[in-house]
Student: 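Quick one: this structure, given as structure tokens, is what I'll be asking you about.
Naming: A, B, ... by sequence-line order, numbering from 1 per chain.
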Amino acid sequence: MKIPAVKGTRDFYPKEMAVHNFIVDGWKAASRRSGFEEFDGPIFEYLQMYQVKSGDEIVEQLFHLTDRGGRELAIRPEITPTLARMVNQQVNALPRPIKWFSVPRLCRAERPQKGRLREFFQWNIDIIGEESTLADAEVIFCAIDYLRSTGLTDKDIVSKISSRKLLAALLRNLGIAEDKLTVLYPILDKKSKIPAEAFDEMLRKEVTDTAAADTILKLMELHTVDAISGLVDLNDDARAALSELQDLFGILGAMGVGAYCRFDMSIVRGLAYYTGMVFEMHDTVGNLRAVCGGGRYDNLLRDFGGPAITAVGMGMGDCVLEILLREKGILKDDTLATKKLDYFIAVAEPTLADKAVELAAIIRLAGFCCEFPYKTGGLGKQLKQASGYNVSRTIILGQEFVNENKLVVKNMATGQQEQIAADDFVSSLKSAC
RNA sequence: GUGGUAGUAGCUCAGUUGGUUAGAGCAUCAGAUUGUGGUUCUGAGGGUCGCGGGUUCGAAUCCCGUCUUCCACCCCA
């Protein structure tokens with residue numbers, strides 16, 4: 001009986017694995033460049049962990065199970081609660097600021113579609129315990145640093161940045177009640193995702209004051225921080241938030257990634273827990289869903305039973321990223337080798353087959369990648385095999401080994417070959433490591 | 001959860017108004033090639049036509065159901 005792969009999952013054959021590793025290796029390298037340390041947790045947690053800050057709808061999109069001890073568990077749909085739990089457990093012992101990253105495998109029981117599967121990987125970086133705008137800047141910088149390292153430019157991607165703190169202050173200034181804010185965030189977040197008329201209607205349903213709604217609509221169109229003060233009167237909170245944003249853009253400019261960054265009031269993020277800077281990165285063409293998103297959240301650790309410590313972080317999924325990298329021609333099929341050997345040993349004299357195994361083992365123990373053929377057919381066939389294996393050098397064991405203990409070492413790129421005494425070759429391996 | 005789309009070899013796809021033994025390219029394996037590789041030529045293997053039911057003398061083809069894919073909606077941590 002043939003059992004199919006589960007809906008919304010992927011199989012990583014060596015070819016796909018090479019692509020996956022290309023992405024993950026890039027993520028990890030960028031994280032380390034900015035001084036983040038890697039962590040990971042279990043792939044399942046108590047179901048309750050994901051009910052703390054989410055409603056029932058989100059819990060429905062969870063893969064959950066009951067174990068034999070009756071524990072209600074869920075496969076992790078995100079790593080942030082695990083991060084909060086882990087940090088809380090050792091919060092007094094960890095040196096600040098805590099700069100951690102992770103590349104967890106996550107599962108969500110959603111309907112699969114373009115750029116979204118039921119099982120995926122997500123790069124997360126977080127800085128915990130640092131209030132300075134420098135931390136906000138580092139998170140954004142690190143994400144841009146990675147994308148730039150793949151070959152994407154400021155023509156391809158843009159980081160849209162805003163501030164919940166600023167938005168909240170402006171909305172309060174317009175007479176929006178405090179409890180209305182959390183209702184309004186998810187609506188404002190849809191601004192660039194739905195037709196203008198539909199957005200207009202949704203907004204006016206919640207904001208009955210026509211003048212206030214008009215002002216909100218104008219605010220959402222703004223793309224420079226300075227334009228805000230021309231549009232509305234600023235109170236102290238708004239001025240403080242504005243100055244923070246200006247700081248942030250100043251730092252990003254000084255870090256050399258200003259061209260990737262743009263102020264965009266319409267970036268709100270649907271989630272309630274963001275309290276400060278929020279950002280999303282998109283392809284400039286705008287066909288795809290966000291490549292990554294994040295922001296500052298002040299209450300996360302506290303929500304999970306810890307102290308009130310501020311944090312800032314972001315997540316980047318592998319699905320949209322891979323689509324983008326393919327669209328931009330950065331990832332192509334057959335550009336990534338699934339196998340690469342330093343040496344392949346070809347056997348020209350069938351009696352030397354055992355010698356090939358011995359020599360291969362010596363080369364491997366010296367730290368090099370090496371294979372020998374299982375079947376010693378024609379030499380031509382073995383060289384063909386070596387070509388397929390992406391080999392740098394092929395060692396031919398033949399008559400000269402029988403007569404003079406010499407190896408033929410063939411450079412597979414140039415086709416040139418030379419004879420080397422077997423003992424010299426082995427000692428050169430040892431001196432190389 | 002809702003709507004649409006498609007499903008034929010490992011992959012990409014042909015397959016006539018329903019009609020004999022379902023084909024091609026690529027890939028794989030073997031041979032040409034018993035001391036020299038990526039090319040070329042020859043051959044071979046590989047199919048429950050997604051699965052189940054129905055209509056029919058006869059179904060890859062028509063109908064129903066189901067699973068899966070892709071796309072959009074809901075949602076997006």
Student: Using a 6.0 Å cut-off, check whether atom NE2 of A/H20 has over 12 heavy atoms from anything other than its own residue.
Tutor: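 Yes, NE2 of A/H20 has more than 12 neighbouring heavy atoms, counting only those of other groups under 6.0 Å.
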Student: Between A/R116 and B/C71, is there a side-chain N or O to OP1/OP2 distance below 4.0 Å?
Tutor: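 No.
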Student: Between atom CG in A/L117 and atom P in B/U69, what is the gap in whole Å?
Tutor: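 Atom-to-atom, A/L117 to B/U69, this comes out as 9 Å.
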Student: Please check if the distance between the ring centroids of A/W27 and A/F121 is under 6.0 Å.
Tutor: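 Centroid separation for A/W27 and A/F121: 6.0 Å or greater.
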Student: With heavy atoms under 4.0 Å as the rule, sort A/I396 into base, sugar-phosphate or nothing.
Tutor: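 Contact class for A/I396: base.
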Student: For B/U61 and B/U16, measure between their C1' atoms and round to the nearest Å.
Tutor: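 One C1' to the other, the span is 11 Å.
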Student: Quick check for you: among B/G37, B/C73, B/U36, whose closest atom lies nearest to any side-chain atom of A/V408?
Tutor: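 Among B/G37, B/C73, B/U36, the one nearest the side chain of A/V408 is B/U36.
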Student: Nearest-Å distance, CE (A/M316) to C1' (B/C76)?
Tutor: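 Distance check: A/M316 CE to B/C76 C1' gives 17 Å.
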Student: Looking only at side-chain N and O atoms, does A/K381 come under 4.0 Å of OP1 or OP2 in B/G35?
Tutor: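 So the side chain of A/K381 is outside the cut-off, no N or O lying under 4.0 Å from OP1 or OP2 of B/G35.
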Student: If you take all heavy atoms of A/F279 and A/G313, which pair is closest and at what distance?
Tutor: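 In terms of heavy atoms, the two residues are closest at CE2-O, 4.4 Å.
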Student: When rounded to the nearest 0.5 angstrom, what distance separates OH in A/Y260 from CG in A/D145?
Tutor: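 So the OH of A/Y260 and the CG of A/D145 are separated by 9.5 Å.
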Student: In whole angstrom, what separates A/D189's CG from B/C74's P?
Tutor: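 That distance rounds to 12 Å.
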Student: What about A/Q382, does its side chain sit under 3.5 Å from the base of B/U36 through a donor-acceptor pair?
Tutor: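 No, the side chain and the base share no sub-3.5 Å donor-acceptor pair.
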Student: Taking the same atom, C1', in B/C13 and in B/U17, what whole-Å distance lies between them?
Tutor: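 One C1' to the other, the span is 23 Å.
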Student: Picking from B/G1, B/U40, B/A77, which would you name as closest to the side chain of A/R111?
Tutor: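 Minimum distance to the A/R111 side chain belongs to B/G1.
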Student: Regarding B/G1, can its base be found pairing with the side chain of A/E110 as donor and acceptor, where the two atoms are less than 3.5 Å apart?
Tutor: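 Between B/G1 and A/E110, which were checked side chain against base, a qualifying N/O pair under 3.5 Å is absent.
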Student: Between B/G3 and B/G47, how far is it from one P atom to the other, in whole Å?
Tutor: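 The answer is 37 Å between these two P atoms.
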Student: Please determine whether the number of non-hydrogen atoms from other residues, nucleotides or ligands lying under 6.0 Å from atom CD of A/Q48 exceeds 12.
Tutor: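 Result for CD/A/Q48: open.
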Student: Could you tell me the separation between the CG atom of A/L288 and the C1' atom of B/A72, rounded to a whole number of Å?
Tutor: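 Rounding to the nearest Å, CG of A/L288 and C1' of B/A72 are 15 Å apart.
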Student: What nucleic acid atoms does A/G380 come within less than 4.0 Å of, heavy atoms only: base, sugar-phosphate, or nothing?
Tutor: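 Sugar-phosphate, no base atom in range.
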Student: Looking at the side chain of A/K410, which of B/G37, B/G35, B/A77 is the nearest nucleotide?
Tutor: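 Ranking B/G37, B/G35, B/A77 by closest atom to the A/K410 side chain puts B/G37 first.
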Student: Just checking A/G293: base, sugar-phosphate only, or nothing, at a heavy-atom cut-off of under 4.0 Å?
Tutor: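 Nothing: the residue A/G293, judged by heavy atoms under 4.0 Å, touches no strand.
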Student: Taking only the side-chain heavy atoms of A/R108 (C-beta and beyond), determine which of B/U36, B/A77, B/U40 contains the nearest atom.
Tutor: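 Within the option list, the nearest is B/A77.
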Student: What interatomic distance, in whole Å, is found between P of B/G15 and the corresponding atom of B/A6?
Tutor: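 Those two atoms are separated by 14 Å.
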Student: Between B/C76, B/U36, B/A77, spot the one nearest the side chain of A/L379, thanks.
Tutor: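 Ranking B/C76, B/U36, B/A77 by closest atom to the A/L379 side chain puts B/U36 first.
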Student: In whole angstrom, what separates A/K384's NZ from B/G37's C1'?
Tutor: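 So the two atoms are 8 Å apart, to the nearest Å.
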Student: Which heavy-atom pair separates A/T394 from A/A386 by the least distance, and what is that distance?
Tutor: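 Closest heavy-atom pair between A/T394 and A/A386: OG1-CB, 3.6 Å.
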Student: So what does A/G8 touch, heavy atoms closer than 4.0 Å: a base, only the sugar-phosphate, or nothing?
Tutor: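 Touches sugar-phosphate only.
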Student: Which whole number of Å gives the distance between the C1' atom of B/U5 and that of B/A77?
Tutor: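 Comparing C1' positions in B/U5 and B/A77 gives a spacing of 30 Å.
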Student: Taking only the C1' atom of each, what is the distance from B/A22 to B/A9 in whole angstrom?
Tutor: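 Rounded to whole Å, the distance is 11 Å.
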Student: Report the residue (A/K114 or A/L397) whose heavy-atom-nearest nucleotide on RNA chain B is the more 5′ of the two.
Tutor: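 Nearest nucleotide further toward 5': that of A/L397.
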Student: If I compare all heavy atoms of A/M314 with all of A/A143, which pair ends up nearest, and what's the gap?
Tutor: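 In terms of heavy atoms, the two residues are closest at SD-CB, 4.1 Å.
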Student: Roughly, in whole Å, what's the span from CZ in A/F401 to P in B/U36?
Tutor: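 Nearest whole value for this atom pair: 21 Å.
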Student: Between B/C70, B/A77, B/A30, spot the one nearest the side chain of A/P112, thanks.
Tutor: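 The nucleotide sitting nearest to the side chain is B/C70.
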Student: Counting only distance, no hydrogens or angles, is the base of B/A77 paired donor-acceptor with the side chain of A/Q122 under 3.5 Å?
Tutor: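 Between B/A77 and A/Q122, which were checked side chain against base, a qualifying N/O pair under 3.5 Å is absent.
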Student: Pick the C1' atom in B/A59 and in B/G54, then give their distance to the nearest Å.
Tutor: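 That atom pair is separated by 11 Å.
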Student: Can you tell me how far P of B/C11 sits from CG of A/D11, to the nearest Å?
Tutor: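 In whole Å, B/C11 P and A/D11 CG are 11 Å from each other.
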Student: Which nucleotide, B/C76, B/A32, B/G35, lies nearest any side-chain atom of A/A348?
Tutor: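 Selected nucleotide (nearest to the side chain): B/G35.
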Student: Identify whether any heavy atom of A/E400 sits under 4.0 Å from a base atom; if not, whether one sits that close to sugar-phosphate; answer base, sugar-phosphate or nothing.
Tutor: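 Touches a base.
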Student: Pick out which of A/K7, A/R105, A/R76, A/R10 makes a salt bridge (charged side-chain N to carboxylate O under 4.0 Å, His left out) with A/E119.
Tutor: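 Going through the options one by one, the only one that passes is A/R105.
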Student: For A/R76, answer base if it contacts any base atom (sugar-phosphate contacts may also be present), sugar-phosphate if it contacts only those atoms, and nothing otherwise; contact means non-hydrogen atoms under 4.0 Å.
Tutor: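 A/R76: no heavy atom of the nucleic acid under 4.0 Å.
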Student: Rounded to the Å, how far apart are A/E45 CD and B/A77 C1'?
Tutor: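 Distance check: A/E45 CD to B/A77 C1' gives 14 Å.
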Student: Counting the atoms with a prime plus P, OP1 and OP2 as sugar-phosphate, which does A/P77 contact under 4.0 Å by heavy atoms, base, sugar-phosphate, or nothing?
Tutor: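 Base contact.
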Student: Nearest of B/U36, B/U69, B/C75 to any side-chain atom of A/K7?
Tutor: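 The answer is B/U69, which lies nearest to the side chain.
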Student: Could you pick out which residue, A/V6 or A/K190, lies toward the 5' side of RNA chain B when each is mapped onto its nearest nucleotide?
Tutor: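 Between the two, 5'-proximity favours A/V6.
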Student: Could you work out the separation of B/U8 and B/G23 based on their C1' atoms and round it to a whole Å?
Tutor: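 So the two C1' atoms sit 10 Å from each other.
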Student: Any side-chain N or O of A/K15 below 4.0 angstrom from OP1/OP2 of B/C11?
Tutor: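 Result: no.
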Student: Look at all strands and tell whether A/Q385 reaches a base, only sugar-phosphate, or nothing, counting heavy atoms closer than 4.0 Å.
Tutor: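 The residue A/Q385 makes no contact with any strand.
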